[in-house]
Amino acid sequence: MKEMEVRKTKQSKISKVDFSALGFGDVFTDHMLSMAYGKEKWQKPKITPFGPVRILPSLSTLHYGQAVFEGLKAFHAKDGSINVFRLNDHIDRFNRSCRRLCIPEVDKQTFLDGLVHLLKMDRAWVPTQKGYSLYIRPFAFAADNNLGVHVSHTYRFFVILSPVGAYYKEGFNPVRLITAIDHARSVEGGTGAVKTAGNYAASLLAAHEAQKKGFTQVLWLDGVHRNYIEEVGTMNVFFLIGDELITPHLGGTILAGMTRASVIHLAKDWGMKVSERRIAIDELIKASDKGTLKEAFGTGTAAVISPIGLIQHKAKTLTINKGKVGELSLKLYNAITGIQYGEKPDKFGWVYKIK
Ligand code: COI
């Protein structure tokens, strides 16, 4: 294990937190992991009290967004251990994002050891109630102080932890979506497949407009034709049409979600027909008109499974499963959360256990 500097907080903040009223991402634990990159290598990792980071207004990330992040979760398992869901896969995706953004990759073992140490120190912050978890947010950004547009020579890496409840105020209740007509999220060759800050910045205007109209989120269509379905808000999307479970293929414009991969794996394991393919909005409308569009749901680490009750596309309104939670959405939610909380066997080896 790489040498690590550890400085503990003098006073934990945990007693000030109301664990029965957790939202998403507004409470942070006592400690954070950090590491600086300079002289062409990542320096010694540190765990220190969660606190301010000193930056100058000339920090290149503030101007040009050379920044990546991940989002994964730790759960309080039935046997008292902490279950981290798909930890290795998240670290690999973090490094894929780094490569696309010209950020030096973080050594996998250093990342893993540092995170496990941090989780052990802050294990009292992992919520114990079902439906709650500890959201883990690793991120890295360019740290040069320079206004030239070029690859930075210095970087900072952090992992912060946040005890969370449901991502959407709807909880597990169906969300209402509107297709984005005037805005696109990404195009082939762009950065749509990686977790970089700019993708999320670019999504805000459409999401804000959708919310002003009373919708929960945006259903993104492809950037070229505004015809093929891509993602929903910050999640991947699935449709059950007849007996076929369809999700847009990974063509470089959408994120390779971990929950997406888990849903595909589970559904295939249950013997379902699963297709990763292009799906046009017209196909969805036709299926809805014919009555074969049975269910739709979004998948993401933050929201897990988010049933979709309604889609508005131009003048057409599709009501899905009478606006109710579907059988498959519920079955998938129960299967995934069952594995995460250690209530069901981890048949596929998705859980990293911390005793
Ligand atoms: C996640 O589901 O982890 C996401 O990345 C969504 C996040 C941007 C809140």
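All ligand and atom numbering here is 1-based and tracks the order in the structure.
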A.B. asks: Consider ring pair (Phe, Tyr, Trp, His ring centres under 6.0 Å). Of F69, F94, Y37, which one does F157 pass it with?
C.D. replies: F94
A.B. asks: Quick test of your reading: applying salt bridge (charged side-chain N to carboxylate O under 4.0 Å, His left out), list the pairs with at least one residue in residues 300-318, sequence neighbours left out, ordered by first then second residue.
C.D. replies: D289-K316
A.B. asks: Between R100 and T196, do the side chains contain a donor N or O and an acceptor N or O under 3.5 Å apart?
C.D. replies: no
A.B. asks: Is it true that S133 and Q340 share a donor-acceptor pair across their side chains at a distance under 3.5 Å?
C.D. replies: no
A.B. asks: Only pairs at least two apart or in different chains count here, so list each ring-ring contact (aromatic ring centres under 6.0 Å, His included) that has a residue in residues 43-68.
C.D. replies: F28-F50
A.B. asks: Report each N/O pair between ligand 1 and the protein that falls under 3.5 Å, naming both atoms.
C.D. replies:
residue: ligand 1; atom: 2 (O); partner: T301; partner atom: N; Å: 3.1
residue: ligand 1; atom: 2 (O); partner: A302; partner atom: N; Å: 2.8
residue: ligand 1; atom: 3 (O); partner: Y135; partner atom: OH; Å: 2.9
residue: ligand 1; atom: 5 (O); partner: K195; partner atom: NZ; Å: 2.5

A.B. asks: Tell me every residue that passes side chain to side chain donor-acceptor pair (under 3.5 Å) with S34, counting only those two or more places apart in sequence or in another chain.
C.D. replies: none
